[in-house]
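After the structure tokens below, expect a handful of questions from me.
Remember, it's 1-based here, ligands and their atoms both numbered in the order they're listed.
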Amino acid sequence: MGVPSFLWWSVPPLLCLLLNLAELCNGGITSSFVRKVEKTIDMPLHSDVFRAPPHYNAPQQVHITQGDHVGKAVIVSWVTMNGPGSDTVVYWSENSKQKNKAKGMVTTYKFHNYTSGYIHHCTIMNLKFNTKYYYEVGIGRTARTFWFITPPQVGPDVPYTFGLMGDLGQSYDSNTTLTHYELNPTKGKAVLFVGDLSYADNYDYNNVRWDTWGRFVERIAAYQPWIWTAGNHEIDFAPELGETQPFKPYTHRYPVPYKASKSSSPLWYSIKRASAYIIVLSSYSAYGKYTPQNTWLEEELPKVNRRETPWLIVLMHSPWYNSYNYHFMEGETMRVMYEPWFVKYKVDVVFAGHVHAYERSERVSNIAYNIINGNCHPVSDQSAPVYITIGDGGNLEGLTASMTEPQPKYSAFREASFGHAIFDIKNRTHAYYSWHRNQDGYAVQADSLWFYNRFWHPVDDSTSAR
Ligand SMILES: *[C@@H]1O[C@H](CO)[C@@H](O)[C@H](O)[C@H]1NC(C)=O
Ligand SMILES: *[C@@H]1O[C@H](CO)[C@@H](O)[C@H](O)[C@H]1NC(C)=O
Ligand SMILES: *[C@@H]1O[C@H](CO)[C@@H](O)[C@H](O)[C@H]1NC(C)=O
Ligand SMILES: [Fe+2]
């Protein structure tokens with residue numbers, strides 16, 4: 001445990017420096033927060049949050065995501081259980097009576113002995129920026145109405161607030177995470193989701209748990225876009241059941257606008273939103289030299305114009321810097337491939353999940369090693385991203401509590417608690433980041449940091465420089 005930050009102001013500067021050095025040598029803060037240890041239990045099938053909407057063939061599992069590269073389109077998805085129903089979305093802007101229609105498509109899939117409902121996807125395009133739209137699905141039978149607000153036009157000084165969640169699952173703790181995100185006084189406008197959605201694979205791949213998850217998150221996902229990342233629980237590779245097409249339930253249910261960024265796969269893509277450029281990578285697709293993902297990323301990074309989108313954010317599932325014992329070094333091979341690029345292009349922050357706990361790194365890189373020189377150590381690097389593990393959504397597998405000791409230097413803060421985070425972009429130079437643990441009141445920040453943009457204001461923003 002380091003010195004609580006409120007004490008710094010009362011400590012003379014020299015002592016402060018000494019304490020700072022001592023803290024760096026010992027690594028960062030391992031939180032001393034004492035949590036009641038309880039089992040993480042999934043909500044039973046009859047839970048209120050899984051209830052299907054009333055009436056015949058009513059649309060359920062409604063969710064939206066960004067539908068193009070800049071935020072002028074939205075993909076609306078929903079499921080009908082009794083029949084295909086209408087694949088039309090009716091939508092109108094808050095200040096207009098004019099109703100518009102967009103026609104979508106419907107798909108189904110089988111997984112072993114499970115047959116999905118009718119899964120609808122409809123992209124509505126040419127929306128105005130910064131506008132509230134209402135939309136209706138289930139036209140002609142049991143219509144349900146929702147709304148969303150489009151982001152402001154892409155630009156360098158556009159404030160925007162992202163929520164962050166990962167490894168959510170559908171336990172009572174998952175429900176608490178969603179509630180804390182909803183009731184956080186800093187309101188997230190879009191969710192950056194770092195993978196591992198339903199954990200249906202933990203039920204012998206019973207895809208009914210994909211449906212319950214869709215109904216569970218509808219209360220947020222129908223009203224603000226979730227930017228999806230694929231995790232290992234999306235792979236659903238089950239040759240013992242004859243299921244050998246990876247990501248089948250996930251890709252049928254959660255479309256993303258990958259073609260808009262010239263990607264050849266929904267598992268990796270990019271979007272711009274307000275002042276952020278968001279790159280989503282797949283930890284579970286080939287990423288070595290000459291693979292489609294590698295080629296795409298190599299061509300993608302030079303396209304990021306920091307004069308247009310100052311904030312460069314990367315999402316992936318498996319973290320590169322993880323000082324918990326669980327999933328230790330699983331992200332290592334991808335780190336070896338891509339970390340030099342992240343430093344070269346000055347990525348601001350990398351969010352990952354997978355490890356069911358919370359951790360934030362210093363700005364470090366480990367790119368000097370070349371197999372002969374032995375220089376394989378993370379070193380402080382102001383061109384490097386901060387790495388944040390936010391796989392603490394609350395799924396049934398429970399918390400990861402076992403940490404490597406001593407805490408490595410690169411690790412600034414770690415704690416095994418469930419929660420969510422907020423990345424609140426103020427302008428081209430400043431973003432305020434906070435992590436919120438589920439045990440606290442909605443406004444409490446268990447960890448926080450001012451991020452200084454790596455392109456516009458690349459001064460030290462690490463814990464020790466605070
Ligand atoms: C489907 O298959 C699973 C796994 O083999 C089995 O446990 C389950 O009972 C089956 N369900 C139905 C409805 O046949
Ligand atoms: C989930 O959380 C919501 C909102 O707090 C609450 O209304 C609901 O009863 C909870 N459901 C379960 C099963 O805990
Ligand atoms: C950017 O935001 C920060 C934090 O709110 C503020 O201190 C700073 O003055 C802002 N910069 C400009 C140029 O407005
Ligand atoms: Fe995972």
Aromatic plane relationship, Tyr181 with His420 - under 30° parallel, 30 to 60° tilted, over 60° perpendicular: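 Perpendicular: the ring planes of His420 and Tyr181 meet at over 60°.
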
Rounded to 10 degrees, the angle ND1 of His354 makes with OD2 of Asp196 at the Fe ion (ligand 4): 170°

Atom 11 (N) of ligand 1 protein-contacted, heavy-atom criterion under 4.0 angstrom: yes

Distance from atom 3 (C) of ligand 1 to nearest protein heavy atom, with residue and atom: Asn113 ND2, 3.7 Å

Heteroatom test (N, O or S) for Asn232 near the Fe ion (ligand 4), limit 2.8 Å: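 Checking Asn232: at least one N, O or S atom is under 2.8 Å.
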
Backbone or side-chain N or O of Asn175 under 3.5 Å from ligand 2 N or O: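 Such a contact does occur with ligand 2.
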
Shortest protein heavy-atom distance from atom 5 (O) of ligand 1, along with the residue and atom involved: His112 NE2, 3.4 Å

From the candidates Asp48, Asp42, Thr179, the one that places a heavy atom nearest atom 8 (C) of ligand 2: Asp48

Numbering as shown, the atoms of ligand 2 that approach Val49 to under 4.0 Å (heavy-atom distance): 1 (C), 11 (N)

Donor-acceptor pair between Glu362 and Ser380 side chains, under 3.5 angstrom: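 No - no donor-acceptor pair under 3.5 Å links their side chains.
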
salt_bridge(Arg219, Glu182) N-O dist < 4.0 Å: yes

Six-ring centre of Phe50, Arg215 cation under 6.0 angstrom, axis tolerance 45°: no

2.8 Å cut-off met by an N, O or S atom of His327 to the Fe ion (ligand 4):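 Given the 2.8 Å cut-off, His327 does not count as a ligand of the Fe ion (ligand 4).
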
Ligand-residue contact atoms, ligand 2 with Tyr172, heavy atoms, under 4.0 Å: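 Answer for ligand 2: 13 (C), 14 (O).
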
Donor + acceptor pair across side chains of Gln445, Ser434 (<3.5 Å): no

Verdict with reasoning, Val191 to Phe162, per side-chain contact (heavy atoms from CB on, under 4.5 Å): CA-CA 6 Å; Val191 172; Phe162 291 101; over 6 Å; no

Gln170 and its side chain to side chain donor-acceptor pair (under 3.5 Å) partner, picked from Asp42, Thr212, Asn395: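 Answer after filtering Asp42, Thr212, Asn395: Thr212.
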
